[in-house]
Amino acid sequence: MIGLLIAIILFNFIAFKTKRRMSSNQIVHIWLFTIAFETLFDVFVEFKFHAYWYFSRDIDWAGILPHIFLVPAANIIFLNWYPQKSSKWQRLLFFSFFVVAILIYERITILPPPWGYFHYGWWRLWHAVILDPILLLILLGFYNWICKLEKKAAS
């Protein structure tokens, strides 16, 4: 639990105290999209198939914390720092760096308590290697769609 609380404070501090490119409207959209999408994904992967879980295999209150406060902040950091107008190579390099950072963080979260809070069932790190880029691309697609909707509403 200590590791999770430190991560929540650190990720949210970085998300909201570093240079912000995103509007408040975009942040709210991304925050809520992340919670909804992650919950939908975890209903199957975590609860139905028991691939991984937070704290215990059961549904518990502590498991809500990463869904509401950790992953949305990480997505805000990713989108705020993503070099949208840079070359394809710079975007690919940043994207790759971020995926590696996520994988390193996932490794840290499986440390024994009180530092770790994440547990593997049949899930392995290579599953995340495959899925994390797909999930980040979905996030980027949603963000770009929100930006287009904002431009359309403003004109």
Side-chain angles (χ1 to χ4, degrees), residues 1-42 45-46 52-55 61-120 123 125-155:
M1 183 67 124
I2 293 173
L4 175 62
L5 295 176
I6 290 170
I8 287 172
I9 292 167
L10 181 65
F11 284 28
N12 280 278
F13 179 82
I14 293 169
F16 291 105
K17 293 297 182 186
T18 59
K19 180 181 148 199
R20 280 190 12 187
R21 171 187 339 162
M22 299 171 66
S23 68
S24 296
N25 181 50
Q26 292 168 345
I27 290 172
V28 169
H29 274 87
I30 295 302
W31 203 279
L32 294 176
F33 171 78
T34 301
I35 292 170
F37 191 68
E38 183 183 14
T39 301
L40 180 65
F41 185 83
D42 280 355
V45 178
E46 182 179 349
Y52 57 76
W53 56 88
Y54 298 99
F55 299 105
W61 289 106
I64 293 174
L65 294 174
H67 286 87
I68 294 177
F69 298 110
L70 185 66
V71 179
N75 285 347
I76 299 297
I77 292 168
F78 172 74
L79 292 171
N80 263 331
W81 292 359
Y82 184 75
Q84 194 87 334
K85 295 182 183 358
S86 298
S87 72
K88 286 183 183 183
W89 290 111
Q90 288 175 318
R91 287 182 289 183
L92 182 63
L93 184 65
F94 176 82
F95 195 88
S96 300
F97 170 77
F98 207 83
V99 169
V100 168
I102 291 171
L103 296 173
I104 292 169
Y105 181 74
E106 186 171 319
R107 272 311 213 194
I108 293 169
T109 64
I110 62 173
L111 290 172
W115 302 105
Y117 60 92
F118 192 66
H119 304 278
Y120 286 158
W123 189 267
L125 195 61
W126 68 267
H127 292 100
V129 169
I130 295 168
L131 278 176
D132 287 350
I134 295 168
L135 296 174
L136 287 175
L137 287 172
I138 292 169
L139 176 68
L140 271 173
F142 182 78
Y143 175 70
N144 288 331
W145 181 55
I146 292 302
C147 290
K148 286 179 185 176
L149 289 176
E150 282 185 342
K151 285 181 184 176
K152 185 177 179 181
S155 61

Within the distance-only criterion (no hydrogens, no angle test), does the side chain of R107 pair as donor or acceptor with the backbone N or O of L125 below 3.5 angstrom?
no

Which atom pairs, one a donor and one an acceptor, fall under 3.5 Å between side chains of residues 136-147 and the rest of the protein, sequence neighbours left out?
| from | atom 1 | to | atom 2 | distance (Å) |
| --- | --- | --- | --- | --- |
| N144 | OD1 | Q84 | NE2 | 2.6 |
| N144 | ND2 | L140 | O | 3.2 |

Any chance you could measure L79, atom CG, to I30, atom CD1, to the nearest 0.5 Å?
5.0 Å

Return yes when atom CZ of F41 has more than 12 non-hydrogen atoms of other residues, nucleotides or ligands closer than 6.0 Å, and no otherwise.
yes

Donor-acceptor pair, distance only, cut-off 3.5 Å: does the side chain of W31 make one with the backbone of I68?
yes

Would you indicate whether the side-chain heavy atoms of F98 and I77 approach each other to under 4.5 Å?
yes

Between E106 and A128 the two heavy atoms that sit nearest each other are OE1-CB, 3.4 Å

Sub-4.5 Å side-chain heavy-atom contact between F16 and I27:
yes

Show the nearest heavy-atom pair for residues A7 and Y105, with the distance to one decimal.
CB-OH, 3.0 Å

D42 and side-chain contact (heavy atoms from CB on, under 4.5 Å): which single residue from Y52, F37, W53 fits?
Y52

A62 and M1 have their tightest heavy-atom pair at CB-CE, 4.1 Å

Do the non-hydrogen side-chain atoms of N75 and F33 ever get within less than 4.5 Å of each other?
no

Scan W123, Y117, F118, W115 and name whichever one has a side-chain contact (heavy atoms from CB on, under 4.5 Å) with I110.
F118

All side-chain hydrogen bond (donor to acceptor under 3.5 Å, both in side chains) counterparts of E150, not counting sequence neighbours
S23, N25, Q26

So, N12 side chain and F69 main chain: donor-acceptor pair closer than 3.5 Å or not?
yes

Tell me if the CZ atom of F55 is crowded by more than 12 foreign heavy atoms within 6.0 Å.
yes

First locate atom CD1 of I9, then atom CG of L4, and finally report the distance between them rounded to the nearest 0.5 Å.
9.5 Å

Criterion ring pair (Phe, Tyr, Trp, His ring centres under 6.0 Å) on F94 and F78, from CA distance to verdict:
CA-CA 9 Å; F94 176 82; F78 172 74; 5.7 Å; yes

Give me the atom names and distance for the closest heavy-atom approach of N80 to A15.
ND2-O, 3.8 Å

Do you know which two heavy atoms are closest between T18 and I14, and how far apart they sit?
OG1-O, 2.6 Å

Under 4.5 Å between any side-chain heavy atoms of I64 and W61, yes or no?
yes

